[in-house]
Colleague: 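Please read through the structure below; I'll follow up with questions.
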There are 2 protein chains.
Amino acid sequence: MKGYEVKSEMLKAMAHPVRLKILSGLIENECYVNEMQDNLNIPQSTVSQHLSILKRQGIIAPRKEGVRTCYKVVDKKAIKMINILDK
Amino acid sequence: MKGYEVKSEMLKAMAHPVRLKILSGLIENECYVNEMQDNLNIPQSTVSQHLSILKRQGIIAPRKEGVRTCYKVVDKKAIKMINILDK
DNA sequence: TCAAAATATTGTAATATATGGATAAATAGA
DNA sequence: TCTATTTATCCATATATTACAATATTTTGA
């Protein structure tokens, strides 16, 4: 059952409307947290927590640039799944 | 944001180890509830509830055969996503 | 009609997830 | 060093999900 748990963790990380929106955006272009915040219109701490869920699963990765952080999607499976959902 | 909610509902329906296992099995062969039960080794009501979550999302569909019910996967996207997870 | 078998539904307690304010940490520039 | 900016973390509360026993429903066959 272990394999199913790992897979379900990945799906769970993606299975939230805000996180799906973040991922869709990040697939188009990598993006800074403050930009996402403006785009999503939800509190900063909420954005940060959603990002940390995606990061913990290895779906996105941060790159520090001075005081800002730029995230991008690094998981190919996540990209493929988003594409399937979009069809 | 509506589209993201719809998509996240589908992912949430799939994002559980038992439901992933059910789906993997059903992709191989359609199957009766009592068979799944034997296979999963969890209470009947629990199996039934997982099936109803997948059914509500239109991922699987039942076919009544006498007193038994045979389920199969009817959502192509779900199949594709499972395949991606399996790679 | 009655009983047995298969499945669904309901009630509820335990657990997990989500939200947002408050606060902390890191960095750059004055 | 002090301040402003950006991001992360912590905490409490609200909401959602999960599990399973108990019960109901449906169907078949005696």
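Since we're looking at a predicted model, the values are computed, not measured. Below, read A as the first sequence line, B as the second, and so on, with proteins coming before strands; counting in each chain starts at 1.
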Colleague: Is the shortest heavy-atom distance from the side chain of B/Lys72 to the side chain of B/Ile60 under 4.5 Å?
Modeller: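 B/Lys72 does not reach B/Ile60 side chain to side chain.
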
Colleague: State, to 0.1 Å, how close B/Leu85 and A/Lys7 come at their nearest heavy-atom pair, and which atoms those are.
Modeller: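 Smallest interatomic distance, heavy atoms only, reads O-CE, 3.7 Å.
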
Colleague: Using the test salt bridge (Lys or Arg N to Asp or Glu O under 4.0 Å), find all partners of B/Arg56 that sit at least two apart in sequence or belong to another chain.
Modeller: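 B/Arg56 satisfies salt bridge (Lys or Arg N to Asp or Glu O under 4.0 Å) with no residue once adjacent residues are dropped.
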
Colleague: Answer whether the closest heavy-atom distance between the side chains of A/Leu40 and A/Lys21 falls below 4.5 Å.
Modeller: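 Counting from C-beta outward, A/Leu40 and A/Lys21 do come under 4.5 Å.
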
Colleague: Starting at the 5' end of DNA chain C, which residue's closest nucleotide do you reach first, A/His16 or B/Gln49?
Modeller: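 Closest to the 5' end, via its nearest nucleotide, is B/Gln49.
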
Colleague: Do B/Met10 and B/Asp75 come close enough that some side-chain heavy atom pair is under 4.5 Å?
Modeller: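 Side chain of B/Met10 against side chain of B/Asp75, heavy atoms only: contact under 4.5 Å found.
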
Colleague: Name the first nucleotide and the last nucleotide along DNA chain D (5' to 3') that come under 4.0 Å of a heavy atom in chain B.
Modeller: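 The footprint of chain B covers D/dT17 to D/dT28.
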
Colleague: Partners of A/Ser24 by side-chain contact (heavy atoms from CB on, under 4.5 Å), sequence neighbours excluded?
Modeller: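 Here the qualifying residues are A/Ile82, B/Tyr4.
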
Colleague: Does A/Ala13 offer a backbone N or O that forms a donor-acceptor pair with the side chain of A/Arg19 under 3.5 Å?
Modeller: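 Here the side-chain-to-backbone pair exists.
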
Colleague: To the nearest 0.5 Å, what is the distance between NZ (B/Lys80) and NZ (A/Lys80)?
Modeller: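 One finds 12.5 Å between NZ of B/Lys80 and NZ of A/Lys80.
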
Colleague: Distance-only, no hydrogens or angles: does the B/Ser8 side chain make a donor-acceptor pair with backbone N or O of B/Glu5 under 3.5 Å?
Modeller: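 Indeed, once roles are kept as given, a pair shorter than 3.5 Å links the two residues.
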
Colleague: So where does chain B start and stop touching DNA chain C, 5' to 3', when the test is distance under 4.0 Å to a non-hydrogen atom?
Modeller: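 Nucleotide range with atoms under 4.0 Å of chain B: C/dA5 to C/dG11.
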
Colleague: Going by atom types only, do B/Tyr32 and B/Glu65 share a side-chain donor-acceptor pair under 3.5 Å?
Modeller: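 Note: B/Tyr32 and B/Glu65 side chains meet the donor-acceptor criterion.
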
Colleague: Let me confirm one number: the CG-OG1 distance from A/Leu51 to A/Thr46, rounded to the nearest 0.5 Å.
Modeller: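 The distance works out to 11.0 Å.
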
Colleague: Does atom NZ of A/Lys77 have more than 12 heavy-atom neighbours from other groups under 6.0 Å away?
Modeller: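 Yes, because the 6.0 Å sphere around NZ of A/Lys77 holds more than 12 heavy atoms from other groups.
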
Colleague: Just report the end-to-end axis angle for the helix from C/dT1-D/dA30 to C/dA30-D/dT1, five pairs per end, to 10 degrees.
Modeller: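 Axis-to-axis angle, ends of the helix: 20°.
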
Colleague: Under 4.5 Å between any side-chain heavy atoms of B/Lys12 and A/Lys12, yes or no?
Modeller: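 SC-SC contact between B/Lys12 and A/Lys12 ruled out.
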
Colleague: Does B/Gln37 reach a base, just sugar-phosphate, or nothing at all? Heavy atoms under 4.0 Å.
Modeller: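 Counting heavy atoms under 4.0 Å across all strands, no contact is made by B/Gln37.
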
Colleague: Among residues 52-72 of chain B, which residues get a heavy atom nearer than 4.0 Å to DNA chain D?
Modeller: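 Within residues 52-72 of chain B, the residues near DNA chain D are B/Lys64, B/Gly66, B/Val67.
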
